[in-house]
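What follows is a single structure, written as structure tokens, with notes after it.
Note: hydrogens, waters and symmetry copies are ignored here, and every other heavy atom, side chains too, is used. Everything numeric here is computed off the predicted structure, so don't read it as measured data. For ligands, and for the atoms within them, numbers begin at 1 and follow the listed sequence.
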Amino acid sequence: MERTHKTGKVWLVGAGPGDAGLLTLKGAQVLAQAETVVYDRLVGDGVLAMMPSQARLIDVGKEGGHHPVPQEEINRILLREAKEGRRVVRLKGGDPFVFGRGGEELELLAEEGIPFEVVPGITSAVAVPAYNGIPVTHRDFASTLHIITGHSKEEAAPPVHFRALVEGGGTLVFLMGVTALPKIAAGLIDGGMDPQMPAAILERGTTARQRRIVAPLEELPARAREAGIRPPSVIVVGRVCSLEKTFHWAEDRPLAGARVALTRPRELQSAAASRLRELGAEVLELPAIETFLLPDDASLREAMDRLDRYSWLVLTSPSGVRHLFEELGRMRRDVRSFHGMKIAAIGAATARELEARGLLADLVPARYSGDQLGRELAAAMAPGERALLLRAQEPSPDLPLRLKEAGAEFDDIPLYRTIPLQGTGSLLAARLEKGELDYVTFTSASTVEAFVQMAGEAPLDGFTALCIGEKTQEAAGRHGMKTVRSQEATIHSLVDKLVQVHQEKIHSN
Ligand code: SAH
């Protein structure tokens, strides 16, 4: 293979503390090009969902009963992948050089002359306090900042010089300190710190499940124990902790705490994702279905060659529009081919996709459904007119059924195929099993089916399915999901519905 002659390269990339929006632009660019991704436990699911589906994905941070892969083994994996000539991204939580062993991972690469780059990340030491309304420095309170590891081997002398830290008088941030919290508090107090010093422990910061306990230093260990605080958590000690009362913000957003999975073709979902994130939701983008133009299909080719036979062009999904233009391009033709035709689109998103290509839909039914489209189209068609339906390979029967009933003439031609994507399936299943998903959006019955396939054996009753369209809702209901439906067939309306449902849920708790 040619590949073996190419030298690989390793990018050591900081993924940030959890919130996918805190991955840097450079990190995202490098990740999109990766051929191998080596990642561990602290990388947020939102970032994991961005891993390219064709890349080789290597998990070196298994949780629970599994031991994490030893450091030397990780080093060897990076070397092996790079030597195969691959573009390797080593994804690490936070910043790779802040208690991330980034240095150790580069040593072997440097020795072997493998090219590498470091893409810094946003460290939890700063970002987690920020998401909890705690500025790590403030001119009135702290002019130094120490980032300290709270992890020490049981018997060994404490690696931390508590007295010196106390004398410094600045903000102290401890990472990996949950188990050692009692020792840390005692050490600081022994070192001369005021037992009433404001302190905080911040769990799973920047994610939808972030929690914080703020208390005087001497009370913090007991309070953390009562609340069952677990790693990963950041401990902050210093007067800045008192600012949280004024500066908290993350949990005040309308969708704070909502963990939402989006199932749509990957290219179509980013607008919805950014709206949801803006409102404070934690978004998992699941490319539940991938659509493909059917390779050189005879019936499609024939229909496209004889467009003059048709008065109406009917499109039932944004993907359909995209694949139609792909086909057109393949035939070396352009939008003028539709000259004189009227166009029907099933909903607003499909109409927008058309408009982006210079075509305005003549008919968009009042309600997003094949049934409604069929009725309205049949009513709009003059005698002798013929419609061309360009749809997915296994389409729903409602539209042709209505047209037939009304005696309308049409051809129903498969344009593209949708297939469930397995790549992020395991991520999804894990979340479902742990009950770590609150909402899943569905825009078509086929996305429901694809989602169910991806979920495998995982339970489907732990979240609320937010659906666009009745058929979609029916499909979700058939699989035992709790469902709600948006007022209108738009992402906007779906988001409004989600905010409403989530607010109701918060207030009922
Ligand atoms: N390189 C990472 C730190 C790795 S050490 C960084 O720059 O953030 C692992 C420790 O980081 C955890 O024990 C915890 O103290 C902290 N941490 C990482 N992500 C966190 C999160 N989302 N919330 C709270 N603490 C986090």
Can you pull out the closest protein heavy atom to [atom]? Residue, atom name and distance to 0.1 Å, please.
atom	result
atom 25 (N) of ligand 1	Val234 CG2, 3.2 Å
atom 18 (C) of ligand 1	Ser124 OG, 3.4 Å
atom 5 (S) of ligand 1	Phe99 O, 3.5 Å
atom 14 (C) of ligand 1	Ser233 O, 3.4 Å
atom 24 (C) of ligand 1	Pro232 O, 3.3 Å

Min heavy-atom dist [X] to ligand 1 below 4.0 Å:
X	answer
Thr206	no
Arg204	yes
Pro231	no
Gly18	no

Answer yes or no: does an N/O atom from [X] fall short of 3.5 Å to an N/O atom of ligand 1?
X	value
Pro17	yes
Glu203	no
Met176	yes
Gly205	yes

Start with the C-alpha distance between Tyr439 and His502, add both sets of side-chain angles, then the distance that settles ring-ring contact (aromatic ring centres under 6.0 Å, His included), and finish with yes or no.
CA-CA 9 Å; Tyr439 307 100; His502 188 61; 5.7 Å; yes

Within the 4.0 Å heavy-atom shell around [X], which atoms of ligand 1 are there?
X	result
Thr123	6 (C), 7 (O), 8 (O)
Leu202	24 (C)
Leu42	9 (C), 18 (C)
Val128	21 (C), 23 (N), 24 (C)

Of the choices Val98, Val173, Thr179, which has the non-hydrogen atom that lies closest to atom 1 (N) of ligand 1?
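Among Val98, Val173, Thr179, the closest heavy atom to atom 1 (N) of ligand 1 belongs to Val98.
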
Given Pro96, Gly93, Gly121, which one has a non-hydrogen atom that is nearest to atom 2 (C) of ligand 1?
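The residue whose heavy atom sits nearest atom 2 (C) of ligand 1 is Gly93.
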
Indicate whether the side chain of [X] and that of [Y] have a donor and an acceptor atom separated by less than 3.5 Å.
X	Y	value
Ser319	Arg322	yes
Gln71	Glu105	yes
Gln487	Ser493	no

Do Leu42 and Pro232 have side-chain heavy atoms sitting under 4.5 Å apart?
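Leu42 vs Pro232: side chains touch.
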
Taking the six-membered ring for Trp, are the ring centroids of Phe174 and His146 within less than 6.0 Å of each other?
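Ring-ring flag for Phe174/His146: false, centres at least 6.0 Å apart.
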
Is the distance from the ring center of Tyr131 to that of Phe247 below 6.0 Å?
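No, ring centres 6.0 Å or more apart.
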
